[in-house]
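Here the structure is a predicted model, which means the values were calculated and not measured. Only heavy atoms go into these numbers, but all of them, side chains included; no hydrogens, no water, no symmetry mates.
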Amino acid sequence: MRYHVPEKLRADLSLPATQHGNALPWVPSPLKGVERRFLERDGAEIARATSFVRYAPNSRFSAHVHALGEEFLVLSGVFSDERGDYAEGCYLRNPPGSSHAPHTAEGCEIFVKLRQMPLGERHHLLVQTHDLTLAPTGAAGVSQARLFESDSGECVAIESLAAHCQWKDRAAHHGEEILVLEGTLECNERSYGAHSWLRFPAGKSADLATQAGCRYWVKRGHL
């Protein structure tokens with residue numbers, strides 16, 4: 001089956017970007033049973049990329065090395081490799097130089113970022129986000145559980161906004177990226193449901209709000 005991989009897609013990290021993920025088509029990968037929805041990409045088949053990836057039941061991806069690392073969040077089903085099985089809600093970081101051969105028995109969907117880690121990162125990380133307790137932050141109606149922090153200032157977290165929350169005057173000095181997991185997030189007079197993706201470049205930010213509450217994955221300080 002023929003497939004098309006865009007070599008440049010929202011690749012300028014100095015520009016804001018948004019995408020309703022569920023509105024994108026599924027594009028076949030080189031391997032049977034594995035499909036992708038592209039959010040951002042800079043390169044051909046080997047690329048700095050942010051995507052949704054869907055594995056059909058009993059499908060697998062060939063063994064490969066993460067030259068510049070990989071991180072992903074399991075959105076549904078169970079993703080597996082030689083290190084274990086990862087159910088919905090698992091957040092993993094595979095550092096530069098690591099390798100694996102992914103597969104799944106029941107099928108799964110993941111949100112994945114490739115080739116976006118510093119070479120100095122050395123450790124695997126696994127966090128089951130469903131086991132975390134989100135704690136209040138200094139902003140009214142905003143709760144958070146941190147998944148990862150680096151010495152360089154990168155921070156990855158799960159956050160929730162309570163119903164009728166309005167989070168204004170936010171700062172994103174080194175960039176911010178959001179994936180909506182549950183509920184509806186309002187930003188710049190637009191609404192973003194589950195699997196919506198938003199990117200704000202360094203020095204830019206936007207007010208966030210919600211009517212009924214929402215929960216999202218967020219990465220800051222990496223742009």
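- Applying the side-chain hydrogen bond (donor to acceptor under 3.5 Å, both in side chains) test to Y192 and every residue at least two apart in sequence or in another chain returns nothing.
- Between F111 and L39, some side-chain heavy-atom pair lies under the 4.5 Å cut-off.
- Shown here are the side-chain hydrogen bond (donor to acceptor under 3.5 Å, both in side chains) partners of H103, two or more places apart in sequence or in another chain: there are none.
- Note on E159 versus R220: salt bridge recorded, some NZ/NE/NH1/NH2 to OD/OE distance being below 4.0 Å.
- Heavy atoms only, all atoms of each residue included: A11 and R41 are closest at CB-O, 3.4 Å.
- For E186, the salt bridge (charged side-chain N to carboxylate O under 4.0 Å, His left out) test picks out no residue, with sequence neighbours left out.
- Looking at Q128, its side chain does come within 3.5 Å of a backbone N or O of H130 through a donor-acceptor pair.
- Not counting sequence neighbours, the partners of R199 by the side-chain contact (heavy atoms from CB on, under 4.5 Å) test are R10, L13, A17, E40, W197, L223.
- Across every non-hydrogen atom of D207 and K168, the tightest pair is OD1-CA, 3.3 Å.
- A distance of 6.0 Å separates CZ of R170 from OG of S205, quoted to the nearest 0.5 Å.
- Judged by distance alone, the side chains of Q211 and S191 never bring a donor and an acceptor atom under 3.5 Å apart.
- Minimum interatomic distance between S62 and P102 (heavy atoms only, all atoms of both residues): O-CD, 4.2 Å.
- Residues L198 and L179 form no side-chain contact, since every pair of their non-hydrogen atoms from C-beta on lies 4.5 Å or further apart.
- Partners of H174 according to the side-chain contact (heavy atoms from CB on, under 4.5 Å) rule, which considers only residues two or more places apart in sequence or in another chain, do not exist here.
- Using a 3.5 Å distance cut-off with no hydrogens or angles, the side chains of H100 and E82 do not pair a donor with an acceptor.
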Next on the checklist: Between E149 and E154, does the side-chain contact (heavy atoms from CB on, under 4.5 Å) criterion hold? Intermediate values first, please.
Outcome noted: CA-CA 6 Å; E149 293 180 84; E154 178 183 342; over 6 Å; no
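- Put simply, OG on S98 and CG on L92 are 10.5 Å apart, with the number rounded to the nearest 0.5 Å.
- In this structure, the side chains of I178 and K219 stay at 4.5 Å or more apart for every pair of heavy atoms.
- Remark: Y86 pairs with D81 by the side-chain hydrogen bond (donor to acceptor under 3.5 Å, both in side chains) rule, at least two apart or across chains.
- The one candidate from L75, D85, L126 that meets the side chain to side chain contact (heavy atoms under 4.5 Å, CB included) condition with C90 is L126.
- Counting only distance, with no hydrogens or angles, the side chain of S29 and the backbone of L31 share a donor-acceptor pair below 3.5 Å.
- V156 and M117 sit in two unconnected hydrophobic clusters of ILVMFWY residues. Membership requires side-chain heavy atoms under 4.5 Å apart, directly or through other members.
- Residues meeting the salt bridge (charged side-chain N to carboxylate O under 4.0 Å, His left out) test with E7, sequence neighbours left out: none.
- Using the six-membered ring where Trp is involved, W217 and Y91 have ring planes that are tilted, between 30° and 60° apart.
- Ion pairing between a basic and an acidic side chain is recognised when a charged N comes within 4.0 Å of a carboxylate O; R93 and E71 show such pairing.
- Taking R83 as the reference, nothing meets the salt bridge (charged side-chain N to carboxylate O under 4.0 Å, His left out) condition, with sequence neighbours excluded.
- With sequence neighbours left out, the ring pair (Phe, Tyr, Trp, His ring centres under 6.0 Å) criterion links F72 to F79.
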Next on the checklist: Run the side-chain contact (heavy atoms from CB on, under 4.5 Å) test on H20 and H195 for me, step by step, so that the C-alpha distance in whole Å, both residues' side-chain angles and the decisive distance to 0.1 Å come before the verdict.
Outcome noted: CA-CA 7 Å; H20 295 277; H195 292 195; over 6 Å; no
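- Between S59 and G33 the shortest heavy-atom distance is OG-O, 3.7 Å.
- Counting only heavy atoms from C-beta outward, the side chains of L119 and L68 approach each other to under 4.5 Å.
- Distance alone, capped at 3.5 Å, places no donor-acceptor pair between the R215 side chain and the L161 backbone.
- Nearest heavy-atom pair, R36 versus P28, reported as atom, atom and distance to 0.1 Å: NH2-O, 3.9 Å.
- Between K8 and D42 there is a salt bridge, with a side-chain nitrogen of the basic residue lying less than 4.0 Å from a carboxylate oxygen of the acidic one.
- Taken from CG in L125 to CG in N94, the straight-line distance is 9.5 Å, to the nearest 0.5 Å.
- The nearest pair of heavy atoms linking P95 to R122 is CG-O, 3.4 Å.
- Using a 4.5 Å heavy-atom threshold, the side chains of P118 and S152 count as separate.
- The existence of a salt bridge linking E176 and K204 is excluded, since no basic side-chain nitrogen approaches an acidic carboxylate oxygen closer than 4.0 Å.
- Residues L181 and T129 form no side-chain contact, since every pair of their non-hydrogen atoms from C-beta on lies 4.5 Å or further apart.
- Distance OG/S76 to CD/E109: 5.0 Å, rounded to 0.5 Å.
- The pair E35-R54 meets the salt-bridge criterion, with a side-chain N (NZ, NE, NH1 or NH2) lying under 4.0 Å from an Asp/Glu carboxylate O.
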Checklist entry - Should L208 and L185 be marked as a side-chain contact (heavy atoms from CB on, under 4.5 Å) after you check the CA-CA gap, both sets of side-chain angles, and the distance that decides it? => result CA-CA 7 Å; L208 301 180; L185 181 67; 4.0 Å; yes
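- Side-chain contact between C155 and R146: present, with at least one pair of heavy atoms (C-beta onward) separated by less than 4.5 Å.
- Distance CG/L73 to NZ/K113: 12.0 Å, rounded to 0.5 Å.
- Listed by chain and number, the residues in a salt bridge (charged side-chain N to carboxylate O under 4.0 Å, His left out) with E106 amount to none (sequence neighbours excluded).
- Taking CZ of F38 as the reference point, atom CG of L24 lies at 10.0 Å (rounded to 0.5 Å).
- Through direct or indirect side-chain contacts shorter than 4.5 Å among Ile, Leu, Val, Met, Phe, Trp and Tyr, V78 is connected to no other residue.
- Applying the ring pair (Phe, Tyr, Trp, His ring centres under 6.0 Å) rule to F61 yields the partners H64; only residues at least two apart in sequence or on another chain are considered.
- Remark: D151 CG is loosely packed, at most 12 non-hydrogen atoms of other residues, nucleotides or ligands lying under 6.0 Å away.
- Test T137, L134, V218, I158 against Q144 for side chain to side chain contact (heavy atoms under 4.5 Å, CB included) and you get one pass: T137.
- For the pair N188 (side chain) and R190 (backbone), a donor-acceptor distance under 3.5 Å is absent.
- Note on L147: it does not cluster hydrophobically with Y216, by side-chain heavy-atom contacts below 4.5 Å among ILVMFWY residues.
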